[in-house]
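No hydrogens, no waters, no symmetry mates; every other heavy atom, side chains included, goes into these values. All ligand and atom numbering here is 1-based and tracks the order in the structure.
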Amino acid sequence: MKFETLPQEFLQAREIIERLQEAGFEAYFVGGSVRDALLGRTIHDVDIATSAYPAEVKSIFSRTIDVGIEHGTVLVLTKSGDYEVTTFRTESTYTDFRRPDHVDFVRELREDLKRRDFTINALACNLSGEIIDLFDGLLDLKKRQIRAVGEARARFNEDALRIMRALRFSATLGFEIEAATAVAMADRAPLLTKISIERIFIELDKLLLADGWQAALRQLTESGAWRYLPDFEAVSVAKISADFRFENSAQAWAWLSLQLTQLNLRKWKLSNAQIKAIEKIHAAYKLENYQLSDVYQLGLHACTLADALKKAQNSPVSRSKPAALDRQLQIHAPSELAIKGADLIVLGFEPGPKLGQLLKKIEHKIVMNTLKNTKKEILDYVKTQG
Ligand code: ATP
Ligand code: MG
């Protein structure tokens, strides 16, 4: 297999490979970009693998950044873009089932491709557009299947995150997981408890946002791997319309939190901002109806995302339209109040909890449209409050 012309994204980076070759090293495009180019999908990161050691890479290019030098990765800055250039490497003895104890830099492409997770991710491409396919990745691309490089059980033993990655690629590419690979996934799934929750989150999040998320969740259930994810149950996608796709991560996790009664987002190490966004959609979903104050507190977007979930699950949305309520709101945040605490202090109010309560009351009345958000109206109201 050969590209007649290299994809544009590769052409832009050709200078890097040329320079490495002129210095006597081998260099190739590798990994996800080769896979995506062959599938005609959008290419995001063009990764380059080379026989040059990191110090050698740095001596060849004038502008580089050490982004992961202990793993052999140097970021090379060029006029046409920044590219990660990684030395061919092997990874040895995963005693903790998480990360390789150390990586060894090697001079052979084969060794580097051998340590990669799936055959479709173990393809390399040279400057002439020829595909180097040592593990029948091209055949698997054609069969639209995900298959481990080498012995599947051993590969998941080395790094159980690959179980989540297999499910994630099945969701993003719409591929099947090859039978022996699927058996090994189910067998090695208990090792997922050794993997950091942040890394699992990244894969599950990508899975949920992909076109094929429902099929992938069914496979998560079938493989039994869900048992080794914190707070998980076997998630059913039976009730949600088959073509529904999540608009963003918060909506996906809100849906998940509605399925998994035990789900504790702190355990999944999400940020406060992420948790807040998810909880708002969850709360909006649970409401019988929207009041002005709900739309004010949760925000229009959270309400719309919750309504989309309801609709996708065919539960009748007989609630007021949040957009209509949102248009009636005079303010969308406390900062938009026509009066500040300081204004009231100038008028002789004592700073303290009482003043805070008064401001809250003003805010509520303005949200409920029983008070106008102008300095004059608010001051008139304040005078009636003693
Ligand atoms: P994406 O399009 O999502 O970036 P990708 O294939 O580029 O997909 P990355 O996670 O960016 O995936 O990894 C780049 C490459 O590194 C993969 O294609 C694969 O060859 C290799 N790789 C990444 N993670 C692992 C892993 N856990 N085990 C083995 N190889 C891996
Ligand atoms: Mg990538």
Side-chain angles (χ1 to χ4, degrees), residues 7 9-10 13 28-50 67-68 71-73 75 81-94 96-101 103-104 106 109-125 131-138 140-141 146-175 181 184-185 188 191-192 194-196 198-213 216 249:
E9 292 85 347
F10 287 3
Y28 303 87
F29 302 109
V30 284
S33 61
V34 180
R35 175 199 70 218
D36 290 340
L38 287 163
L39 288 171
R41 295 171 64 92
T42 322
I43 299 172
H44 13 122
D45 318 309
V46 172
D47 292 323
I48 293 168
T50 181
V67 284
H71 300 114
T73 304
L75 189 69
D82 307 338
Y83 297 93
E84 284 193 358
V85 176
T86 305
T87 304
F88 297 156
R89 61 178 210 220
T90 60
E91 296 170 355
S92 45
T93 50
Y94 292 66
D96 62 354
F97 305 104
R98 281 167 184 249
R99 296 264 181 176
D101 296 344
V103 305
D104 287 313
V106 292
L109 174 66
R110 161 174 277 278
E111 292 301 309
D112 184 83
L113 296 180
K114 211 169 82 180
R115 59 118 185 141
R116 293 177 183 264
D117 47 7
F118 305 110
T119 60
I120 56 169
N121 290 346
L123 297 164
C125 174
I131 302 297
I132 295 98
D133 175 23
L134 306 178
F135 305 100
D136 279 337
L138 286 173
D140 289 329
L141 273 185
I146 293 154
R147 184 164 63 89
V149 172
E151 214 247 298
R153 199 167 178 279
R155 302 313 309 285
F156 293 126
N157 229 14
E158 281 169 5
D159 180 4
L161 183 71
R162 292 171 186 155
I163 296 168
M164 296 307 297
R165 287 176 60 84
L167 294 166
R168 187 260 280 195
F169 285 118
S170 126
T172 54
L173 304 173
F175 281 23
T181 302
M185 279 168 62
R188 297 290 86 195
L191 289 174
L192 277 170
K194 313 261 183 199
I195 301 293
S196 84
E198 293 93 331
R199 295 175 77 208
I200 293 181
F201 172 81
I202 291 172
E203 298 300 334
L204 188 55
D205 193 54
K206 286 186 180 171
L207 181 161
L208 289 169
L209 289 176
D211 284 344
W213 70 277
S249 171

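Heavy-atom separations between Arg115 and ligand 1 include at least one value shorter than 4.0 Å. At a 4.0 Å cut-off, not a single heavy atom of Glu91 sits close enough to ligand 1 to count as contact. The shell of residues lying under 4.0 angstrom from ligand 1, judged by heavy atoms, includes Phe169. Using a 4.0 Å cutoff on heavy atoms, Glu158 does not count as a contact of ligand 1.
Of all the listed residues (Arg162, Arg165, Glu84), Arg165 holds the heavy atom that lies closest to atom 23 (C) of ligand 1. Atom 27 (N) of ligand 1 has its nearest heavy-atom neighbour, among Ile202, Ile43, Asp159, in Asp159.
We find that Arg155 and Glu158 are joined by a salt bridge, their nearest charged nitrogen and carboxylate oxygen being less than 4.0 Å apart.
Residues Asp159 and Ile195 are in side-chain contact: their nearest non-hydrogen atoms beyond the backbone lie under 4.5 Å apart.
Using cut-offs of 30° and 60° for the angle between ring planes, the Phe29 and Phe10 rings count as parallel.
Asn121 contributes no side-chain N or O that, together with a main-chain N or O of Gly31, makes up a donor-acceptor pair within less than 3.5 Å. Distance alone, capped at 3.5 Å, is enough to place a donor-acceptor pair between the Thr181 side chain and the Ala148 backbone. Proximity of a side-chain donor or acceptor of Asp140 to a complementary backbone N or O of Thr119 within less than 3.5 Å is not detected.
The two atoms that bring Leu39 and Phe175 nearest to each other are CD2-CZ, 3.9 Å, heavy atoms only.
Per-residue contacts place Gly32 under 4.0 angstrom from the following atoms of ligand 1 (heavy atoms of the residue considered): 5 (P), 6 (O), 7 (O), 18 (O). Atom numbering of ligand 1 starts at 1 in the shown order; those under 4.0 Å from a heavy atom of Arg168 are 1 (P), 3 (O), 8 (O), 10 (O). Taking every non-hydrogen atom of Gly31 and a distance limit under 4.0 Å, the qualifying atoms of ligand 1 come out as 18 (O).
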